[in-house]
Amino acid sequence: MLDMKFIRENPEIVKNACRVKNFPDVVDDILSLDVRVRELKTITQTKTAEKNKLSREIPTATDKAPLIAKSKQIGEEIANDLAELDEKEAKLNDLLHRVPQIPSADAPVGADDSANIEVRRVGTPRTFDFTPRPQWELLDMNGWWMPEKIAGVCGTRTYCLCGELAELSLAIQTYVIQKLISKGFKYIECPPVTKPQAVFNAGHFMGSDLSIMNDDVFMLSGTDRCLAATAEIILNSLHADDILTENELPIKYAGFSTCFRKEAGAAGRDTRGLVRFHHFDKVEQYIFCRPEESDEMHEFLLNNLCEVVGDLELPYRVIANSTGDMGFNKVKQNDVEAWFPSENAYRELGSCSSIGQFQARRTNTRYRENATGEVKFVATLNNTGIALPRALVPVIENHQNADGSVNIPKKLQPLMGGRTKIGGKH
RNA sequence: GGAGAUGUCGCAUAGUUGGUCUAGUGCGCCACAUUGGAAAUGUGGUAUACGGGCAACCGUAUCAUGGGUUCGAAUCCCAUCAUCUCCGCCA
C-alpha cells in the first residue's frame with residue numbers, strides 16, 4: 001500500500017500509476033473518504049478528551065451524579081460518531097489496498113508484455129551438429145521422469161524427477177544456496193504452509209478482503225492455513241512490526257521452499273515437460289534495505305541471478321518489464337530469460353523485483369535512521385535464486401549430446417561427484 | 001489431542017477488593033553535571049501510530065489480540081492467539 005499522505009499530496013502521480021498499470025482509479029474516492037475520516041477523528045478525539053476529563057473529576061467530586069450523567073451522554077455521542085468512523089475507515093482501508101505501487105520512471109510504459117524491452121543478451125544459442133531433442137525426449141530416453149505414472153498417482157501438473165537428473169536438481173539447488181551464502185545472504189528454510197495474512201502482506205492481491213485470494217491460493221481445507229506460492233511470502237513477513245536499526249540493513253535472506261500454485265489461468269499451457277506445475281522448488285533472494293539503496297540492491301539481485309544462469313552455461317537475456325506487465329506491488333521488474341532450444345525462444349527463469357515500501361507498509365516493517373532518529377519504512381526487493389525443475393529444461397536441452405547424454409556445467413561437477421555428464425548409453 | 005501455568009512501556013519486574021496508574025522500580029540507552037581523563041555518583045530524558053497546529057506543543061489510542069460490563073478497566077467477564085511445563089503421538 002501507499003502512504004495516505006503521499007496520495008493526498010500527489011493525487012496525479014497516483015492516478016497515472018493506476019492508468020499505466022491497468023488498475024481502476026479509486027483516488028477521488030480515497031480523497032473524499034480521507035477528509036471525512038479525519039473530520040470524524042478530530043470530533044471523536046475532542047469528545048473523548050472531554051469525557052476523560054470528567055472521569056478524572058468524578059472520584060473527588062462532592063456531587064457525582066450530574067458529572068456521571070454528562071459523561072454518559074457524551075459517551076453516546078461518541079459511539080454514534082465511532083460507528084460512522086469505523087465504517088468509513090474500513091472502506092478507506094480497502095480502497096488504499098487497491099492502489100498499485102508507483103512504477104519507476106525508467107520502466108517501459110505499456111499495457112502488457114508486448115511493451116517489454118530487452119535490456120541485454122548474453123551468450124549465443126548453440127548451433128547443433130545433430131538434431132537436438134526436446135526436453136521430454138531426453139527425459140524419456142534417460143528415465144529421468146515418469147509423467148504418466150505420476151499424473152495417475154498425484155494428478156495433473158505434478159512431477160517427479162528420477163535418478164541422475166534428480167541428483168543434478170539437488171546439486172543446482174545446493175550450488176545456488178552456497179553462492180548466495182558467499183554473497184552475504186542468510187539461508188532460511190521456509191515453511192510451505194502459512195496464514196492468509198502473510199499472503200496478503202506480500203501485496204500481490206488487491207483490497208482488504210482476504211477471501212478473494214481463494215481463487216489463486218491453495219487453502220488447506222478445514223484450517224485457516226494455505227500453501228505459500230513462494231518463500232517471498234514468508235520472508236517478507238519475517239520482520240513484521242519490527243523496528244530495525246539502520247546498522248542491520250541491508251538484510252539479505254536466501255529462502256528455500258516448495259512453492260504451490262493453482263495455475264488457474266494457465267490451462268493448456270506448458271503441459272509438456274518440466275516447465276509448469278502446481279508445485280516446484282525455489283531458492284528465493286529477498287532483501288530488506290534503506291529506500292535510498294534499493295536501486296543498488298536491485299542490480300545486486302539481478303546480477304546474482306545472471307551469474308547463476310551464466311554458471312549454468314546458458315545463453316540468456318534480461319528484460320525490462322513494462323508497467324502493465326510488472327504487477328500490482330512493483331516499482332520495477334527485470335525478468336531473466338534463458339534460451340530454450342525446443343521452443344526456439346527465451347523463457348523466464350526468474351524475475352527481479354523492486355517493491356519499494358509497498359510491502360513494508362503492509363507488514364509494518366520499519367527501521368530507525370541513525371542520523372535523524374526517525375522511523376521509516378524499509379524497502380524490500382526479491383528475485384529468484386533458482387527455480388526447479390524449470391531451470392533443468394534449458395540445462396539438459398542446451399548441453400545435450402547426440403547420444404542423449406547431457407554435459408554437466410563445470411561449476412556443478414564437484415557437486416556431482418566429479419561426473420562430467422549424465423544420461424546417454426553408458 | 002489432554003491437563004496446568006503465563007502474557008505489563010528495549011530487558012527484568014511492581015501493580016488483580018476498578019478511580020491519586022497521565023503504569024512505579026531496577027537495568028540498558030541518551031544528554032548534562034562532577035573529573036586531568038575514566039569509573040562511580042547525581043540530575044534530566046528515554047515508545048509507536050493517528051488527529052490538530054507554522055511551531056513550541058496539545059489531544060487520542062496502545063498493559064498479547066479482539067469484544068463486553070462501567071461515568072471510569074492493566075485490574076472484572078467472554079473469545080482468540082502465543083509461550084512454557086507435564087502427558088499422549090510422532091520423522
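Scope of the values below: all heavy atoms of this structure, side chains included, with no hydrogens, waters or symmetry mates. Letters A, B, ... mirror the listed sequences (proteins, then strands); counts begin at 1.
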Where does the angle between the aromatic ring planes of A:H239 and A:Y253 fall among parallel (under 30°), tilted (30 to 60°) and perpendicular (over 60°)?
parallel
Could you tell me how far B:rG67 sits from B:rC57 if I compare only their C1' atoms? Round to whole Å.
35 Å
Would you kindly give the CZ-to-C1' distance between A:R225 and B:rC81, to the nearest whole Å?
11 Å
Could you tell me which residues satisfy salt bridge (Lys or Arg N to Asp or Glu O under 4.0 Å) with A:R290, sequence neighbours excluded, listed by chain and number?
A:E246, A:E292, A:E293
By side chain to side chain donor-acceptor pair (under 3.5 Å), A:D112 pairs with (sequence neighbours left out) A:S114
Rounded C1' spacing from B:rU83 to B:rG72 in Å:
32 Å
Distance (rounded to the nearest 0.5 Å) between A:T230 OG1 and A:E284 CD
4.0 Å
What interatomic distance, in whole Å, is found between C1' of B:rG1 and the corresponding atom of B:rU65?
25 Å
Just jot down the salt bridge (Lys or Arg N to Asp or Glu O under 4.0 Å) partners of A:K21, sequence neighbours excluded, or say none.
none
Taking salt bridge (Lys or Arg N to Asp or Glu O under 4.0 Å) as the definition, give me every residue that meets it alongside A:R419, ordered by chain and number, with sequence neighbours left out.
A:E164, A:E167
Considering only atom C1', compute the distance from B:rU25 to B:rU8 and round it to an integer number of Å.
13 Å
Watson-Crick/G-U partner (both atom distances under 3.5 Å) of B:rU25
B:rA12
Centroid-to-centroid, A:F185 to A:F300, below 6.0 Å?
yes
Using a cutoff of under 3.5 Å, can you pull out all pairs of nitrogen or oxygen atoms linking the protein to nucleotides 27-32 of chain B, with atom names and distances?
none

Taking atom C1' in both B:rA14 and B:rU75, what distance in whole Å separates the two?
13 Å
Scan for salt bridge (charged side-chain N to carboxylate O under 4.0 Å, His left out) pairs involving residues 267-279 of chain A, sequence neighbours excluded, and state none if there are none.
A:E263-A:R276, A:D270-A:R276, A:D270-A:R347
Could you please name the partner base of B:rA5, counting Watson-Crick and G-U wobble pairs only when both distances are under 3.5 Å?
B:rU83
Paired nucleotide for B:rA91 [Watson-Crick or G-U wobble; both distances under 3.5 Å]
none
Watson-Crick/G-U partner (both atom distances under 3.5 Å) of B:rA73:
none
Please write out each protein N/O paired with an N/O of nucleotides 73-80 of chain B under 3.5 Å, distance rounded to 0.1 Å.
none

Between B:rG4 and B:rG52, how many Å separate the two C1' atoms, rounded to a whole number?
50 Å
Who pairs with B:rA38 - Watson-Crick or G-U, where each distance is under 3.5 Å
none
Sequence neighbours excluded - ring-ring contact (aromatic ring centres under 6.0 Å, His included) pairs with any residue from residues 32-71 of chain A
none
List the residues meeting side chain to side chain donor-acceptor pair (under 3.5 Å) with A:D325, not counting sequence neighbours, and say none if there are none.
A:N116, A:N321
With P as the reference atom in both, quote the distance from B:rA5 to B:rU43 in angstrom, rounded to an integer.
43 Å
Whole-Å C1' distance, B:rC76 and B:rG18:
8 Å
Return the nucleotide paired to B:rC50: Watson-Crick means purine N1 to pyrimidine N3 with N6-O4 or O6-N4, wobble means G-U with N1-O2 and O6-N3, both under 3.5 Å.
B:rG59
Return the set of residues passing salt bridge (Lys or Arg N to Asp or Glu O under 4.0 Å) with A:K51 (not counting sequence neighbours), or none when no residue passes.
none
Test of understanding: with side chain to side chain donor-acceptor pair (under 3.5 Å), list the residues that count as partners of A:S237, not counting sequence neighbours.
A:N201
At under 4.0 Å between heavy atoms, how does the protein contact nucleotides 44-72 of chain B? Give one character per nucleotide, 5' to 3', with B, S or -.
---SSSBBS------BSS---------BS
